[in-house]
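Numbered from 1 within each chain, the chains take letters A, B, ... in sequence-line order.
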Amino acid sequence: MSLIKITFPDGTAKEFEKGITPLQISKAISNNLAKEAIVSEINGIRRELNTPINEDSQVKIFTFDNLEGKDTYWHSTSHLMAHAIKEIYPEAKFGVGPSIDSGFYYDIDINTQLTEEDLIKIEKKMQSIIDRNDSFVRNELSKVEALKFFNGDQYKVELIEAFDENNTIISTYGEGIFTDLCTGPHLPSTKYIKAFKLLSVSGSYWRGDEKKARMQRIYGISFPKQKMLDDYLEFLEEAKRRDHRKLGKDLDLFSIHEEAGAGLIYWHPKGARVRNEIEDFWKKEHFKNGYDLLYSPHIGKSQLWETSGHLVNFKENMYSPMQIDEQDYYVKPMNCPFHILMYKSKLRSYRDLPLRWAELGTVYRYEKSGVLHGLLRVRGFTQDDAHIFCSKEQIESEIIEVIRFSNFMWNKFGFGSLKYYVSTRPDKVSGDDELWEQATRSLEIALEKEGLKYEIDEGGGAFYGPKIDIKIKDALNREWQMSTIQFDFNLPKRFDMKYIGEDGKEHVPFMVHRALLGSIERFMGVLIEHYAGAFPDWLAPVQVAVVPVSQNYFEYAQKVVSLLLDENIRVEFDKRNEKIGYKIRDWETQKVPYMLIVGEKEETNGTVSVRKHKHGDQGEIKTNEFISVLKDSINKKNNNN
RNA sequence: GCUGACGUAGCUCAGUCGGUAGAGCACAUCCUUGGUAAGGAUGAGGUCACCGGUUCAAUUCCGGUCGUCAGCUCCA
């Protein structure tokens, strides 16, 4: 009986009998760990919990709390699902079935169109396989053996053929009648899967290529505890309740009109009110931060777009030209060429720099019909655009300012958690190495100086320069890519931009594109979902509803309304012939921050009875006092909900 | 754009195995003047997305177009 040394991630080591498995090791550490263990890593290779270890090794144990654990858990569930499908539809062929950020999917080639009812059937079959507690059995084959084994399954054969002849051990995993090509690792057996749900079925293509075979993709999720699944399903329900398309309708914020064109947004009075508050705030903050505001036209001659390169690089996103005086004019997909024309309208000195020029510029881009989605993906949208023209010496401090500004804006709207990504030079781009290097470095230095962590997106930059993308997290912890800060080495050259330096010579200015909110439409879509439609006081389209107990108090109610109006508070006077219970319900569902109930008592006392959205009756308060508290909240732009 | 599902009143949805349609909410009028999440009665509302085809007859069946939804691919 020989002993081997097992070293753990914290550096401690312990001796075990040769042939011990990670599961047994985790039992030796603690019963809880053994219960929660999902997969292990042996000398840097992820392997099953029941893999015998025969030599001194580094061992890590993963649970569902680790990404590695989730990955294995979901991946095994996708195999379980495929297994169930194979039992129900023996003719089914399978593409790929990986785990994804949340859950898993499997692509299936099957003749019948799967429906929601079929998913229930598959779920039942999955449960019966779990009850059988089939083991996931690993087998290793040579390429020749694998090709033989999967003979007749064109998808698996295609995958196997792509493998390197010599240095790949091809592995398969099987439970019961189902065997799949897979590198693994997997759960020891199907019993480990405690709670799962198949969520949706939709179309996909073999290898994501629409020219290749059409497959059906089933998405699902699984968890080691029923409660976790329940919570996840509740999260999906909550996301549905917050869907900006639904709230946009319910709260009368905006509409989209089939007869007038897809992807084009109509802002109703209430949505326009919110938008107006955001834009006012945005403009004031830009002035404070040393920006100037611009307005530019919506169309420009083809020559402009040729100079800018858009007709070469962006044409598929631009709408067909219109003819004016026998010249082609294009609707703008971006604002930058216009801003550059303004830059070039006179000779610039280094003393003018930096120029920070911002515009809420509405642009139009062709988007494929299938990608349109509410406010989040549209064909006409308003960018909160700005271009910074500066000298080489200024780039670092300018980038820092933009990062700070962006931070400030997101915090103001209640988004705390920001993530930064620096995208570096793509391979295919030729150009000035030094320029790229320097600009990329300045982005990194700016983030480092601000004490911000960032990730590198290697080769993810645009062809014209490196960039910082900022992702935000909303109230449901969902990530959205919104802000972007991009260097542009292309346009200044194309437009022959210059400034006269201290040395009396011409220099090419650095140009930075930046959007803080991204686009107003998308931003509002995210904001609606973030606030679940219950906007904070300063943004709410209706801030106060004055609700008299009966018609007898209309006169007093009117006085209250007038006082509010005098203070520029957005107020509705509810004169409807309904009981107050009805009115309260109505304003509550409209998510109006405050209702002021007024009747005999309030008239006598010169007060209002405040009812706060979601918090109910707050009791009686002097009208003036209410107004000053509300005004204070509005002025401070509190995120008070 | 591609795959699939879907498109009936302002909204949410029934329904018609082919004989031009219904509920609840919302809306209007009247009764009721009510103190913290839906008072009652009456009424008005639809070329059943659009365009063709089949048929004595199409909202229903077939084809196309537009749009929506879930994905694929792509992005602010």
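A:Ala515 comes within contact range of no nucleotide atom at all, as no heavy-atom separation falls under 4.0 Å. Counting non-hydrogen atoms under 4.0 angstrom, A:Ser609 reaches a base of the nucleic acid. Among the protein residues, A:Val378 comes within range of the nucleic acid bases, having at least one heavy atom under 4.0 Å from a base atom. Within 4.0 Å (heavy atoms only), A:Glu521 reaches no atom of the nucleic acid at all.
Comparing B:U36, B:U32, B:U73 by their nearest atom to the side chain of A:Asn577 picks out B:U32. Picking from B:G71, B:G39, B:G1 the nucleotide with the shortest atom distance to the side chain of A:Lys368 gives B:G1.
With a glycosidic angle more than 90° from 0, B:G71 adopts the anti conformation.
For A:Arg611 and B:G35, the shortest distance from a side-chain N or O to OP1 or OP2 is not below 4.0 Å. Side-chain N/O atoms of A:Ser202 include none lying less than 4.0 angstrom from OP1 or OP2 on B:G4. Put simply, A:His373 has a side-chain N or O that comes within less than 4.0 Å of OP1 or OP2 on B:A70.
Of the residues in residues 240-258 of chain A, those lying under 4.0 Å from RNA chain B by heavy-atom distance are A:Arg245, A:Lys249, A:Glu258. A heavy-atom distance below 4.0 Å to RNA chain B is reached by these residues of residues 580-593 of chain A, ordered by number: A:Ile580, A:Gly581, A:Tyr582, A:Ile584, A:Arg585, A:Glu588.
Nucleotides B:A21 and B:U59, compared at atom C1', are 9 Å apart to the nearest Å. Taking atom C1' in both B:G18 and B:A5, the straight-line distance is 24 Å, to the nearest Å.
Taking the centre and axis of the six-membered ring of A:Tyr421, the NZ or CZ atom of A:Lys471 falls inside the cone set by 45° and 6.0 Å.
In this pair, A:His79 and A:His75 present their aromatic rings perpendicular. The plane angle is above 60°, beyond the 30 to 60° band.
Each of A:Trp305, A:Tyr295, A:Trp357 was compared with A:Phe338 under the ring pair (Phe, Tyr, Trp, His ring centres under 6.0 Å) criterion, and only A:Trp305 meets it.
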